[in-house]
Amino acid sequence: MDTAEMPAKMPKLGIPSGTLLSLDDMVLLEILNHLIVIDLVNLGKTCRRLAYLTQRQFEKHYSIVTWKKNFKSIKLGESSTILRNIGKHIRKIRLAVWSDLELHKILVTLGNECSHLRSLTLDSVKMGITDPHPALISMFRKLKQFVLNECSWTVQCPMQIFFGENSTLEELSLNDCCRYNPNSCKLQLKEFRALKVLRLENCESLLTSAELKRCFESNAISVLSLTHFGSNVNLFEFELINSLCNSLESLTLAYHSNLRSYQLSRLRKLKKFRILCSETYNVDDAIKKLHVGIEELELVNVYITSEMMEYFKSFKQLRHLSFERCTNSIKSDFFIILPTTLPNLQHLVYNYSVVKDRDIIHMFRSLPHLKYLNLLGCNMLADDTYFEIVDILMKDLQRSKLKFIPPQLESFQCLKNVDNLKEVLC
């Protein structure tokens, strides 16, 4: 090396300049942000300082982990090494597209290394475990949340295998499970004792009314989503509704012809109601029977009638109203009377329908509490309408910022050109 390039004075102790360890901690942490997890693990083994910094990185960025099988994912052989280093920081993990044998190995490793895991999500996996490892059983019985998306099983129901009698699980969600295998073993829910949130969607033939009744009797369910279960389950049997009267606050339901709407009036704690229709149905009877204390109402693919609009007048506490892909348009008069009908409305969704510029302007003028308006898919509004909206919001100094989703993507360009836009819109 040329002597002219050497530093004038080399410190006798400390770190030589120009090396990685001569950098400030904040600079090192920024570098660590760009490393994959296996490189972080290996780097942390080199010295105490880097071990400390990598542990800070794990603690900050690896409490929630998604591990999907693809060419960029953690290799199965690396899992033990990695989870030994980051396992104690993981609180929530999502595993996707792993085979049956691979999934079993990963779950056992999680059970051994992730002592604080509280949420587990499995996506697109086939579950054929019949003799689970003790560490796996111990892990499942500490979970607070368990989610299965597009999963299947052919032997025992995973609820029965993993949980047994469980007093910790608070949220259970299954979506689109065993759709193409109607002979799969039925769900076993009777052993749970602490469930508060239960979502069973698109899982036809996996449940019976009797099993659901046993679940409701053993748990105080506050959030329930039950859709597309065919003729196996009728939520509106007396015994089922009776078990929910004192706890249910949120209900999502797929409308069907045997829905006994009068039973809804017994759910006096219900605050949120979402109803989905696969065909053109009139849901007036269901809306009419809702308790006057309802705060959120979402209607998907329903037929809107004048009678329904009248029923809204009794919902003075309604804060959230959503019309998604409804089969007809709301009459213009509804927007005119909306401020007096629903004075506390803060959140309005009205998608893929017809709306008039003057009605939107009227709502902005008369609904000072409005914080969110979504008109995606509706007809285009005139440019002048956007300028007037901003003008209304600018003049009301007491109004908080509003999130506004315009009808068409082209509208965003117009909004960008409006002066003072950032001051009034989120």
Side-chain angles (χ1 to χ4, degrees), residues 62-69 74 76 79-80 82-84 86-178 184-201 203 206-207 211-212 214-216 218-221 223 225:
Y62 289 91
S63 62
I64 299 176
V65 175
T66 294
W67 188 3
K68 182 176 181 180
K69 184 180 180 181
I74 301 169
L76 191 61
S79 60
S80 297
I82 291 172
L83 291 175
R84 268 197 299 271
I86 70 172
K88 63 182 179 182
H89 303 296
I90 296 178
R91 302 294 184 270
K92 183 175 182 178
I93 191 166
R94 171 178 170 259
L95 304 175
V97 204
W98 293 94
S99 70
D100 188 10
L101 293 176
E102 292 170 329
L103 177 66
H104 184 263
K105 292 179 181 179
I106 293 171
L107 290 177
V108 170
T109 306
L110 290 178
N112 287 322
E113 306 296 345
C114 302
S115 56
H116 300 290
L117 185 67
R118 294 297 177 263
S119 175
L120 174 62
T121 297
L122 303 179
D123 286 354
S124 303
V125 299
K126 184 176 180 180
M127 308 175 71
I129 303 170
T130 57
D131 185 22
H133 192 278
L136 195 154
I137 292 294
S138 176
M139 176 189 72
F140 270 91
R141 295 190 180 181
K142 294 178 182 178
L143 289 179
K144 297 286 188 181
Q145 181 188 52
F146 184 45
V147 180
L148 294 175
N149 294 317
E150 299 182 9
C151 296
S152 63
W153 54 87
T154 55
V155 193
Q156 288 178 283
C157 167
M159 305 299 107
Q160 185 177 352
I161 300 170
F162 296 134
F163 291 100
E165 186 170 332
N166 183 280
S167 59
T168 63
L169 196 72
E170 297 179 357
E171 179 176 342
L172 174 63
S173 299
L174 283 82
N175 179 47
D176 208 9
C177 291
C178 294
S184 295
C185 294
K186 299 291 188 290
L187 292 176
Q188 301 290 322
L189 305 176
K190 60 184 178 182
E191 302 298 336
F192 294 104
R193 296 292 181 270
L195 280 181
K196 298 177 182 178
V197 179
L198 180 61
R199 296 187 177 94
L200 305 173
E201 302 173 352
C203 300
L206 285 181
L207 196 66
E211 187 66 28
L212 201 59
R214 287 191 285 266
C215 177
F216 290 167
S218 303
N219 301 272
I221 305 294
V223 178
S225 180

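Between atom NZ of residue K68 and atom CH2 of residue W98 there is a gap of 11.5 Å, rounded to the nearest 0.5 Å. To the nearest 0.5 Å, atom CZ of residue R84 and atom OG of residue S80 are 5.5 Å apart. Residue I221 holds its CD1 atom at 4.5 Å from SG of C215, rounded to the nearest 0.5 Å. Going from atom CG of L136 over to atom CG of L110 covers 8.5 Å, rounded to the nearest 0.5 Å. A distance of 7.0 Å separates SG in C203 from CG in L187, rounded to the nearest 0.5 Å. Atom-to-atom distance recorded for E113:CD and I86:CD1 is 10.5 Å, nearest 0.5 angstrom.
The side chain to side chain donor-acceptor pair (under 3.5 Å) check on D176 picks up R179, with sequence neighbours excluded. With sequence neighbours excluded, the residues forming a side chain to side chain contact (heavy atoms under 4.5 Å, CB included) with I137 are P132, R141, listed by chain and number. Partners of E170 by salt bridge (charged side-chain N to carboxylate O under 4.0 Å, His left out), not counting sequence neighbours, listed by chain and number: K144. The side chain to side chain donor-acceptor pair (under 3.5 Å) check on S99 picks up E102, with sequence neighbours excluded. A220 is linked by a side chain to side chain contact (heavy atoms under 4.5 Å, CB included) to S247, counting only residues two or more places apart in sequence or in another chain. Residues satisfying the side chain to side chain donor-acceptor pair (under 3.5 Å) test with H89, not counting sequence neighbours, are Q55. Applying the ring pair (Phe, Tyr, Trp, His ring centres under 6.0 Å) rule to F146 yields the partners F140, F163; only residues at least two apart in sequence or on another chain are considered.
Shortest non-hydrogen contact noted between Y62 and I90 is O-CG1, 3.4 Å. Pairing each heavy atom of C178 with each of S152, the nearest pair is SG-CA, 3.6 Å.
Side-chain N or O atoms of T109 include one that pairs as donor or acceptor with a backbone N or O of K105 at under 3.5 Å.
Side-chain contact between W67 and L83: present, with at least one pair of heavy atoms (C-beta onward) separated by less than 4.5 Å. Residues L107 and L95 are in side-chain contact: their nearest non-hydrogen atoms beyond the backbone lie under 4.5 Å apart.
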Between side-chain atoms of residues 114-126 and protein atoms elsewhere (two or more places apart, or another chain), which donor-acceptor pairs fall under 3.5 Å?
residue	atom	partner	partner atom	Å
S119	OG	Q145	OE1	2.4
D123	OD1	N149	ND2	2.9
D123	OD2	R94	NE	2.5
D123	OD2	R94	NH2	2.9

Under 3.5 Å, sequence neighbours excluded: what are the donor-acceptor pairs made by side chains of residues 189-200?
residue	atom	partner	partner atom	Å
R193	NH1	K190	O	2.8
R193	NH1	E191	O	3.3
R199	NH1	E171	OE2	2.8

